[in-house]
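Beneath this line is the structure, given in structure tokens, with notes to follow.
In what follows, residues are counted from 1 in the order of the sequence shown.
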Amino acid sequence: MSRASGPRSGDAIFASVERVNAELFTLTYGAIVRQLLTDLEEVEEVNKQLDQMGYNIGIRLIDEFLAKSNVGRCVDFKETAEMIAKVGFKMFLGVTASVTNWDADGTCCSIVLEDNPLVDFVELPDTCQGLYYCNILSGVIRGALEMVSMKTEVTWIRDVLRGDDAFELQVKLLKQVPEEYPYKDDE
């Protein structure tokens with residue numbers, strides 16, 4: 001069996017990967033968030049925990065992304081953001097996203113999700129108005145980018161569950177970390 005030589009599109013990868021039922025996924029995620037709200041009681045602590053859970057997922061998910069997408073090394077942060085939006089979100093969530101609002105330095109942008117399967121069947125009660133229900137996604141992006149030597153800050157700008165018209169994440173490149181090798185070549 002030969003492997004395709006070029007990078008694969010998000011649609012092609014999404015069509016070929018094993019998936020779980022979307023409703024089961026959505027309801028399971030909702031149950032996790034609900035349990036965190038019960039256990040931690042403070043909405044801000046739940047936001048932190050969701051981000052940390054996402055970070056832990058992201059540092060592992062990047063390996064699967066790189067193996068299945070067959071993409072090469074991105075040349076800069078702009079290309080990396082496009083890859084996350086067009087291939088990553090399609091590959092893992094089945095949705096497409098767009099990259100907008102670049103700053104002049106090319107170190108900060110927004111990723112706008114066209115759809116978000118995590119929020120199907122979700123309405124936030126008044127007691128949870130400070131909750132970033134999908135904060136796990138910001139952690140996933142932060143963790144994955146850290147594994148490819150990019151230290152980032154990812155924050156929610158807009159959230160439909162909070163009355164906004166879209167889901168928008170701001171991704172800010174804090175620094176490009178030089179790659180470290182575990183050994184030195186003594187030649």
Side-chain angles (χ1 to χ4, degrees), residues 10-11 14 22-23 25-37 40-59 61-62 65 74 76-146 148 150-175:
D11 289 324
F14 184 72
E23 288 179 359
F25 175 70
T26 301
L27 294 172
T28 302
Y29 181 72
I32 291 169
V33 174
R34 177 73 181 129
Q35 189 63 49
L36 286 172
L37 285 165
L40 301 175
E41 297 175 358
E42 292 294 323
V43 170
E44 204 45 51
E45 287 302 312
V46 174
N47 287 336
K48 289 177 188 175
Q49 187 65 36
L50 288 171
D51 181 71
Q52 186 60 45
M53 289 169 61
Y55 175 83
N56 292 337
I57 292 168
I59 62 177
L61 207 60
I62 188 69
F65 173 80
C74 294
D76 59 11
F77 185 61
K78 283 187 176 187
E79 186 179 347
T80 303
E82 286 292 331
M83 197 61 62
I84 291 168
K86 303 289 188 259
V87 181
F89 274 104
K90 186 65 176 182
M91 180 176 169
F92 294 110
L93 286 178
V95 298
T96 51
S98 57
V99 182
T100 60
N101 301 331
W102 281 101
D103 68 353
D105 300 334
T107 59
C108 186
C109 67
S110 289
I111 296 178
V112 180
L113 297 170
E114 295 175 9
D115 188 23
N116 187 346
L118 292 178
V119 300
D120 291 346
F121 319 116
V122 176
E123 287 183 26
L124 292 181
D126 291 338
T127 58
C128 295
Q129 290 307 308
L131 178 68
Y132 286 101
Y133 184 82
C134 299
N135 215 32
I136 198 166
L137 295 178
S138 60
V140 168
I141 293 169
R142 191 172 55 86
L145 288 176
E146 194 168 301
V148 292
M150 293 183 185
K151 184 87 171 142
T152 57
E153 179 181 280
V154 183
T155 53
W156 285 96
I157 302 299
R158 294 186 293 166
D159 186 340
V160 173
L161 293 177
R162 297 171 143 226
D164 297 320
D165 60 342
F167 293 98
E168 180 179 350
L169 286 158
Q170 182 182 64
V171 184
K172 184 176 185 177
L173 178 65
L174 301 176
K175 70 178 185 175

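Trp156 and Phe167 have perpendicular rings, their planes meeting at more than 60° on a 0 to 90° scale where under 30° would count as parallel.
A cation-pi arrangement is not found for Arg162 relative to Tyr133, the charged atom failing to lie both closer than 6.0 Å to the ring centre and inside a 45° cone about the ring normal.
By the 4.5 Å heavy-atom criterion applied to side chains, Phe77 and Thr152 are counted as neighbours. Annotation: side chain of Val119 is not in contact with side chain of Val160 (no heavy-atom distance under 4.5 Å). At least one side-chain heavy atom of Glu168 sits under 4.5 Å from a side-chain heavy atom of Asn101. No side-chain heavy atom of Ile136 sits under 4.5 Å from any side-chain heavy atom of Ile32. Under the 4.5 Å side-chain criterion, counting only non-hydrogen atoms from C-beta, Leu137 is in contact with Leu93. Side chains of Phe65 and Ile84 form no contact here, defined as non-hydrogen atoms less than 4.5 Å apart. Residues Cys134 and Asp159 are not in side-chain contact: their nearest non-hydrogen atoms beyond the backbone lie 4.5 Å or more apart. At a threshold of 4.5 Å between non-hydrogen side-chain atoms, the residues Phe89 and Ile111 count as touching.
The distance from atom CG of Leu161 to atom CG of Leu131, rounded to the nearest 0.5 Å, is 8.5 Å. Within the model, atoms CG of Asn47 and CD of Glu42 stand 11.0 Å from one another, a figure rounded to the nearest 0.5 Å.
Look at Asp51 and Arg142 and you find a salt bridge, because one of the NZ, NE, NH1 or NH2 atoms lies within 4.0 Å of a carboxylate O, short of that distance.
Heavy-atom minimum distance, Ser98 versus Lys86: CA-NZ, 3.8 Å. Ile59 and Gly143 get closest at one heavy-atom pair: CG2-O, 3.4 Å.
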Query raised in the report: Stepwise, does the side chain to side chain contact (heavy atoms under 4.5 Å, CB included) test hold for Thr127 with Leu37?
Result: CA-CA 10 Å; Thr127 58; Leu37 285 165; over 6 Å; no
Requested in this report: Start with the C-alpha gap between Leu124 and Gln129, add the side-chain angles, then the distance that decides, and say whether side chain to side chain contact (heavy atoms under 4.5 Å, CB included) holds.
Outcome: CA-CA 7 Å; Leu124 292 181; Gln129 290 307 308; 4.2 Å; yes
Requested in this report: Might you work through the side chain to side chain contact (heavy atoms under 4.5 Å, CB included) test for Arg158 and Val112, ending with a clear yes or no?
Outcome: CA-CA 9 Å; Arg158 294 186 293 166; Val112 180; 4.1 Å; yes
Query raised in the report: Would Val122 and Val33 count as a side chain to side chain contact (heavy atoms under 4.5 Å, CB included) if you check the C-alpha gap in whole Å, the side-chain angles of each, and the deciding distance to 0.1 Å?
Result: CA-CA 11 Å; Val122 176; Val33 174; over 6 Å; no
